[in-house]
Engineer: 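Got a structure for you, questions after.
If you read the sequence from its start, that first residue is 1, and numbering goes on from there. Atoms within each ligand, like the ligands themselves, are counted from 1 in listed order. Values below: every heavy atom of this structure, side chains too, minus hydrogens, waters and symmetry copies.
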Amino acid sequence: MPARESYDVVIVGAGPIGLATACHLREREPSVSMLVVDARSGPGEGSMGASNAMARDVFSSRDNHLLAKSSIAFYRRLMEEREELRAPVPLLDLYGYLWLLPERLHREFLDLVGRSGGSIDAVPVDLDGLRSCPGLVPSPARWYDGDGAPPPEPITAGLFGRNCGAIAPELLVRYYHGEALRQGVEFAFDTVVQRLSFEGREEILLHESSRRPFAFQERMAGRLRIARVGFGDGRSVRTDRVIVAAGAWAERILHPLGVATGCSPRPQSLYSVSGAAVDDLLAWEPPVHPIDPGVRGSRFPFVILPTGANLKPVFRERRIWVGLEDTIAQPIGTREDPGRDGRLDFDMARLADRAAYATDVLPAVAPYFPRFETTSVRLENAWAGYYHFSPDGLPVLVDTPFGVTFVGGDSGSGVMKADALGRLAAAQYEGRSDGQLFGGESYRLDRLSLSARDVKEERIIL
Ligand SMILES: Cc1cc2nc3c(=O)[nH]c(=O)nc-3n(C[C@H](O)[C@H](O)[C@H](O)COP(=O)(O)OP(=O)(O)OC[C@H]3O[C@@H](n4cnc5c(N)ncnc54)[C@H](O)[C@@H]3O)c2cc1C
């Protein structure tokens with residue numbers, strides 16, 4: 001439980017975004033007392049714990065590109081500086097993303113890379129180069145589902161994103177959590193934030209029963225502040241600044257205050273497979289050069305198929321994690337019901353849609369990798385977390401006049417942008433109009449707001 005009765009700022013959520021926010025804020029404002037609260041028993045156990053934790057700077061939106069690219073650069077800097085983030089497991093393993101593209105997308109991706117003026121580091125791979133991939137059938141002859149389904153699109157080329165790869169999420173969390181502790185940030189785990197409330201002060205009148213301010217006091221917006229953070233066990237702390245970085249669960253706290261985020265959570269499953277065909281794929285050396293060829297050579301990259309199915313190599317487990325971009329007719333919302341004490345009974349294994357492996361995932365993978373339908377690939381495990389989707393696939397940063405900020409709306413790419421979002425949320429706290437990304441680039445905060453939003457919809461969501 002929190003050690004004090006009151007804090008200058010309370011951050012709800014010890015996921016990557018809340019942790020990065022705590023670190024950057026504390027670095028800039030060392031005298032600010034800060035509490036980070038999380039319902040789970042340790043940091044990074046929300047959707048981050050279920051995540052693929054991949055990183056890429058290939059986005060159609062320039063804003064997403066900047067946020068991810070600057071965060072990746074920061075993670076690389078950390079690795080250079082700290083031995084424990086290089087070995088035995090590297091914080092960032094930039095083995096690349098390989099998009100296997102149908103004709104329809106080929107030109108679009110090349111244009112995107114061309115328009116970036118070199119900022120997106122990606123190289124084309126021709127069909128001949130792809131033929132060495134074990135078991136890959138670039139032009140599938142049949143469609144898994146039989147009648148009525150459109151034929152699978154032939155792969156006509158590949159695009160290899162070099163500044164892309166895997167993050168070790170446990171190392172990222174350990175770094176931010178350790179830094180925050182070192183800087184004096186306090187943490188309360190196993191503690192659910194159930195309610196943010198205003199408190200009666202001399203100048204503010206509250207409805208007696210709901211403890212909400214009367215509407216006419218909107219005119220006093222500057223003086224109306226949040227005052228208390230209430231926990232599931234009935235206790236509370238005082239504060240007048242709250243940063244909500246609660247991922248898919250943010251609306252539970254914000255909606256009762258009338259704060260809209262524009263975002264909605266949707267479960268997203270991952271499937272871990274192993275077997276002889278997986279071993280063969282993991283042994284493939286593609287004809288492309290990752291950013292650090294001298295260190296690790298060319299290895300099986302993160303592969304994205306024309307259907308949106310993707311394959312992540314997990315070399316040390318000799319497994320591949322299979323995911324599927326799946327945005328049509330998926331129910332919106334979080335599935336677990338909060339108990340009476342508001343606990344988030346979040347069970348990643350139970351949340352997974354196991355049946356979808358056969359009905360949705362295999363039909364999206366097997367036309368291109370027929371061995372996935374044979375006994376040479378075994379389904380080992382399945383789990384799920386939430387994507388917190390914004391309508392345009394870009395993050396959201398919402399400020400209110402009464403001291404509550406929301407940062408999130410990761411749309412499935414919040415680990416790779418966590419550092420940038422933490423810096424922007426810290427700048428928001430300080431009342432600035434611009435934040436500074438790692439590398440020095442200035443970024444206008446209201447680009448990610450709802451009221452003055454100024455971003456282009458993201459087209460590459462995985
Ligand atoms: C299957 C899957 C694959 C993914 N793949 C990738 C990927 O490859 N790359 C990538 O960058 N991202 C990926 N993501 C998305 C990534 O997990 C999220 O972007 C990231 O976790 C968002 O960080 P966050 O800090 O906002 O939220 P979270 O990591 O969910 O953290 C939020 C925290 O808030 C806490 N919390 C919520 N409500 C309360 C409350 N009321 N009281 C106290 N604590 C509370 C939760 O316990 C949780 O710890 C994936 C997600 C899933 C599910």
Engineer: Tell me the protein heavy atom at minimum distance from atom 47 (O) of ligand 1, and give that distance in Å.
Structural biologist: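 That would be Asp38 OD1, 2.7 Å.
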Engineer: Around atom CZ of Arg28, are there more than 12 heavy atoms from other residues, nucleotides or ligands closer than 6.0 Å?
Structural biologist: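 For Arg28, atom CZ is crowded (more than 12 foreign heavy atoms under 6.0 Å).
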Engineer: Using a 4.0 Å heavy-atom cut-off, which part of Thr191 comes near ligand 1: side chain, backbone, both, or neither?
Structural biologist: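 Looking at Thr191 and ligand 1, just backbone atoms fall under 4.0 Å.
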Engineer: Return the residue, atom name and 0.1 Å-rounded distance of the protein heavy atom closest to atom 13 (C) of ligand 1.
Structural biologist: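 Nearest neighbour among protein heavy atoms for atom 13 (C) of ligand 1, to 0.1 Å: Gly412 O, 3.1 Å.
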Engineer: Give the residue and atom name of whichever protein heavy atom lies nearest to atom 21 (O) of ligand 1, and the separation in Å to one decimal.
Structural biologist: Met48 N, 3.2 Å
Engineer: Using a 4.0 Å cut-off to any heavy atom of Met54, which atoms of ligand 1 qualify?
Structural biologist: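 This gives 7 (C), 8 (O), 9 (N), 10 (C), 11 (O) as the contact atoms.
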Engineer: Could you check atom 22 (C) of ligand 1 against the protein and tell me its nearest heavy-atom contact, residue, atom and distance included?
Structural biologist: Asp410 OD2, 3.6 Å
Engineer: Nearest protein heavy-atom contact for atom 44 (N) of ligand 1: which residue, which atom, what distance?
Structural biologist: Ala39 N, 3.0 Å
Engineer: Any idea which protein heavy atom is nearest atom 41 (N) of ligand 1, and the distance to it?
Structural biologist: Val193 O, 2.9 Å
Engineer: Tell me: protein heavy atom nearest atom 4 (C) of ligand 1, and distance?
Structural biologist: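 In this structure, atom 4 (C) of ligand 1 has Asn52 N, 3.4 Å as its nearest protein heavy atom.
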Engineer: Given the ring of Phe315, does Arg299 sit roughly above its face, with NZ or CZ under 6.0 Å from the centre of the six-membered ring and within 45° of the axis?
Structural biologist: yes
Engineer: Enumerate the atoms of ligand 1 whose separation from the nearest heavy atom of Tyr387 is less than 4.0 angstrom.
Structural biologist: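 In order of number, 2 (C), 3 (C), 4 (C), 50 (C), 51 (C), 52 (C).
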Engineer: Gly13 heavy atoms, cut-off 4.0 Å: which ligand 1 atoms fall inside?
Structural biologist: 33 (C), 34 (O), 35 (C)
Engineer: Need the ligand 1 atom indices (1-based, order shown) with element for anything under 4.0 Å from a heavy-atom of Pro16.
Structural biologist: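 The atoms of ligand 1 under 4.0 Å from a heavy atom of Pro16 are 23 (O), 25 (O), 29 (O).
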Engineer: Do Arg56's NZ or CZ and the ring of Phe59 fall within the cation-pi criteria of under 6.0 Å and 45°?
Structural biologist: yes
Engineer: Using a strict cut-off of 4.0 Å, indicate which atoms of ligand 1 neighbour a heavy atom of Leu270.
Structural biologist: 1 (C)
